[in-house]
Every structure is written in C-alpha cells, then in structure tokens.
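Worksheet for the structure shown next.
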Amino acid sequence: MAYPDTYYKRTMADGATRGALSGTVECDAVIIGGGLAGLSTALQLARAGKRVVVLEAESVGFGASGRNGGFVSAGYATDGDDIARIAGKETARKLHMLSVEGVDFVRDNIRALGIDDAKPVPGLMSVLRYDDAASLKAYAEQTRRDYGYELEYMDRDAVRSVLKSERYFQALRNPNAFHIHPLNYLRGIAREIERLGGLIFEQSPATATALSGAEKRVKTAGGEVRARDVVFTTGGYTGGLNGRLKRSFLPIATYVMVSEEAPELIASAIATRDAIGDNRRAGDYYRVIDDGRRLLWGGRITTHAASTAGLVKELRAEMVGTYPQLAGLRTELAWSGLMSYARHLMPQIGRMSPGVWYCTAFGGHGLNTTAIGGKVIAEGILGASDRYRLYEPFGLVWAGGLAGLAVAQLTYWKLQAQDWWRERAA
C-alpha cells in the first residue's frame, strides 16, 4: 500500500487495497486524483446515481489530504478583505458561507456514514502571539454580524489557563470547528462511493487524455476510461498531464511531527482538546491526539525539497520556545507533504471547457474547503447549481514557475520578519 510513514498510516483503521485499472471502462464522470476533493466529487455524483470512476496514482489519500493537521474550520488561506477586493463584498460573503457549509458537509458525512475512526473532536483556538484584544473583539463582532457565526473571545488569562505559555495573549475559539483523523475519513468516503457503485482504481496514474470531443478519454498504463465529464483534482503531486493546471499553482511543502506517549508532560503545557493555530501566516498548528497521550505539531513551509529531519529541529525549537516545559518531549515520527498554492491564495475551482473541470490548489485552506469544492463541482456536472462560478475570480492564473517559487520563498521570509517585529513591538 503506497503511503508514507505517518501517524495516520500507522493508525489507519481500514487496510483494504484496490486494484489498478485494466481494460476499458465507460462511466458518466472520471475523477483524476483520489484525495478529498476527488472523493467528495465522486461521492456526490454517486449519491445522484451517476456512474463514477476515480483514478488514483498511489492510494486514496496519499497526498496532502491524508497527511495534514486534520483541521476542519471555516475560512480560506487569505482573509476576507483580500477576497472582497478581488471578487466583491457579496461574492466574498457567499464564498465564506460555502466554507462554513464545507465544515457541516464533513461533519454530516462522518455522522451519516458512521466513520467513527475519523475521531472528530470539537473546537479550534486561533491565538495571538501579541497583545491586541481590540482587533479580535472587532473581528468576532464582524463575523457575527456578517455571517451569523459565533466566535468565543478568550482574554489572556483564559488562554493561558489552558495553554501554559507566555507566547500567547488573546484568542478566538470556534466551537463549530473540529479536528479529525483525515486518512480514516477519506477511506470511509471511499467505501461509501464503492457501496453506491462507484469504481476506485489505485496505482493507476493517468498518462494521457483526449478531452476535445463529447466523449472524453483518459488512459492509464493498464486501460482507458471513457466518460462525458473529466474532473482534475490533483494537488501538490500534479504531473505534466494537464500543463495549464500544473502551471497555475506552486507545490509547497509543510511538515508535521508526532510525539512519544507522555500524557502527563503534555498536559502540563496544553490543557485543552481544542486544535490550536497561531495568527502568523505560516504559524504553528497542533493538537493533542490519542486521548491526550501524544502531541501532533505542524508548521513551516518550504518551496523546495528540504530535509524533514532538519525541519523537525526547527519545529522542535518552535515547540520548546512556546512551551519550555516540553523540552524533554521526544519526537517519535515526522513527515512532510506537498500542498498546492495558487498565486492568489484561493482554491481553483471551475470548468476549463465543456465537460472538463478542475478542483485544486487547497494549500492552507483546511479540509472543509476541499470538501465543498468537490461538492460544488458535482453540482455543476449534475446541473443542480452553478455555485462553482463563485470561484471564477480566482482562476487558473500562471503561478510563475521557478521565479514564482523564489518569490513565494521571499514572501514567506518577509512575512516571518513582519511577525517577528510585531511580536517584539507588542
């Protein structure tokens, strides 16, 4: 089974494997990519009675969808003001409500399909590393006013009563957000697709496509799929199959580590089961897992292949700098993964041409946005809605190639410097 060695693989509840495509298969829609976007699209189409085929180059959830932090919360990788500046205030409001719907979509699937091994835990705290109570209160009020969405303000004492760190000041707690075991969730969705008659082929990378006619064709090493609709849902591991898509985003690496079992030591620093993320652009995100016995900690991004061991040293430095009491907490496992980021920092969701769809660039957006992307693409294929068009202002713009990677790295360093100065000035 083609998975990297991660905590999620080690605790995977379902070890079923799926064969590679062999021969010719005809269907209504073929999805290229077996991550959360692809499986969400396939699920909604299968629920509507469509014949669906998913082609996955490795195993379902191999990429970022199956090895991330597991956060499910509303919002995007860029803020609402930037979205409104490009798309307009009303479209920005509708896009935010879609992200809220994505949270409910994941939660409802877990409940309806009995995916208990996803282990959903409610609550997410977004914490400030500098003192600015007024801005958080204003944001919470704006969110309530614009979206009817309640966020719980926590003052410094409330924050430090559960996060024993002098790095943190105020926070907003989102009780509607939650965190999960993403790989178990994905594999639960895959089982439901197959129960509904859909076909999922693993170890079946698409090698060629013919997309100009009414009948689309997608070839693999062992066979061919013929369908009316083709959906590209590959992310950071996209190859050269669709050049326009590959040029439209950058593969960005992020890093995650999991601690040894040390429940008492972890509880001396973190006395909450909420997921935690700080306010920096590429800040720390972490959560207690295994009923409090381990700590999962993620952060850092790079625009090139970097040594996971080297990045783990940086992650540990962040963890111990935040919680000196965790200096003795041993790291048991670490891994990296590639996300896809568009230049505009929004997901890319839409239609390239009749019958050819894309749903990608979900780096930094959370599992909910990937899920709602698949849902609106399925609605577009079914003719049930054109909500996918809300994302049209954020299309397949060129990401800049190697120059884009260099700019992205420089931007990251600039943001890090700004965060550092802001914290020191607080």
Side-chain angles (χ1 to χ4, degrees), residues 1-3 6 8-9 11-19 27-72 98-99 101-121 178-202 204 231-235 237 337 347 349 357 359-360 362 365-379 381-382:
M1 186 176 294
Y3 287 115
T6 69
Y8 300 123
K9 179 189 177 182
T11 56
M12 187 171 63
D14 166 20
T17 58
R18 297 169 173 87
C27 62
D28 296 309
V30 55
I31 290 91
I32 301 174
L36 183 56
L39 294 182
S40 297
T41 306
L43 175 65
Q44 293 303 95
L45 292 174
R47 282 171 166 168
K50 295 297 182 180
R51 297 171 300 159
V52 178
V53 169
V54 177
L55 297 177
E56 165 55 41
E58 302 286 350
S59 298
V60 293
F62 169 85
S65 292
R67 58 174 97 172
N68 56 73
F71 289 25
V72 188
L98 277 180
S99 77
E101 183 181 337
V103 174
D104 294 334
F105 180 68
V106 176
R107 179 187 288 109
D108 292 345
N109 281 334
I110 292 171
R111 183 184 301 117
L113 302 179
I115 311 176
D116 298 333
D117 296 314
K119 299 180 180 179
V121 178
F178 58 101
H179 48 102
I180 65 172
H181 188 301
L183 186 56
N184 280 344
Y185 172 74
L186 278 163
R187 293 183 67 84
I189 295 299
R191 291 193 301 270
E192 178 64 6
I193 291 167
E194 292 171 323
R195 189 190 71 82
L196 293 171
L199 300 175
I200 301 174
F201 297 102
E202 297 181 327
S204 299
V231 189
F232 290 90
T233 60
T234 52
Y237 297 85
I349 298 168
W357 308 78
C359 187
T360 188
F362 290 103
H365 295 291
L367 295 170
N368 61 296
T369 309
T370 321
I372 198 63
K375 185 177 180 183
V376 298
I377 288 295
E379 290 173 0
I381 292 171
L382 295 167

Does [Y] offer a backbone N or O that forms a donor-acceptor pair with the side chain of [X] under 3.5 Å?
X: Tyr3; Y: Val60; value: yes
X: Thr360; Y: Thr234; value: yes
X: Asn109; Y: Val106; value: no
X: Ser65; Y: Gly61; value: no
X: Arg187; Y: Ala16; value: yes

Quick test of your reading: applying salt bridge (charged side-chain N to carboxylate O under 4.0 Å, His left out), list the pairs with at least one residue in residues 36-54, sequence neighbours left out, ordered by first then second residue.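 Pairs touching residues 36-54 that pass the test: Asp28-Arg51.
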For a side chain to side chain contact (heavy atoms under 4.5 Å, CB included) check, start with the C-alpha distance between Thr41 and Leu45, then their side-chain angles and the critical distance, and finish with the verdict. CA-CA 6 Å; Thr41 306; Leu45 292 174; 4.0 Å; yes
Identify, with sequence neighbours excluded, every residue that meets side chain to side chain donor-acceptor pair (under 3.5 Å) alongside Ser204.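 None.
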So which heavy atom on [X] is nearest to which on [Y], and how close?
X: Gly35; Y: Glu56; answer: N-OE1, 4.3 Å
X: Ala118; Y: Asn184; answer: N-CB, 4.1 Å
X: Gly38; Y: Ile31; answer: CA-CG2, 3.5 Å
X: Ile110; Y: Pro120; answer: CG2-CG, 4.0 Å
X: Ile372; Y: Leu98; answer: CG1-O, 3.4 Å
X: Ser40; Y: Gly374; answer: CB-CA, 4.1 Å

Fit a plane to each ring of His181 and Tyr8, take the angle between them on a 0 to 90° scale, and name the class: parallel (under 30°), tilted (30 to 60°) or perpendicular (over 60°).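 The rings of His181 and Tyr8 stand perpendicular, inter-plane angle above 60°.
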Give a yes or no on whether a salt bridge exists between Arg18 and Glu194, defined as a side-chain N under 4.0 angstrom from a carboxylate O.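 Yes, Arg18 and Glu194 are salt-bridged.
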Minimum side-chain heavy-atom gap [X]-[Y] below 4.5 Å:
X: Glu379; Y: Leu382; answer: no
X: Ile381; Y: Val231; answer: yes
X: Val72; Y: Phe105; answer: no
X: Asp117; Y: Asp14; answer: no
X: Leu199; Y: Cys27; answer: no
X: Val52; Y: Leu196; answer: no
X: Glu202; Y: Ser59; answer: yes

From [X] atom [atom1] to [Y] atom [atom2], the distance as rounded to the nearest 0.5 Å:
X: Arg107; Y: Tyr185; atom1: CZ; atom2: OH; answer: 11.5 Å
X: Leu36; Y: Leu43; atom1: CG; atom2: CG; answer: 10.0 Å
X: His179; Y: Asn68; atom1: NE2; atom2: CG; answer: 13.0 Å
X: Phe232; Y: Ile32; atom1: CZ; atom2: CD1; answer: 4.0 Å
X: Leu113; Y: Arg191; atom1: CG; atom2: CZ; answer: 9.0 Å
X: Phe178; Y: Leu367; atom1: CZ; atom2: CG; answer: 8.5 Å

Let's go through Phe362 and Thr233 carefully: what are the C-alpha distance in whole Å and the side-chain angles of both, what is the deciding distance for side chain to side chain contact (heavy atoms under 4.5 Å, CB included) to 0.1 Å, and is it a yes or a no? CA-CA 10 Å; Phe362 290 103; Thr233 60; over 6 Å; no
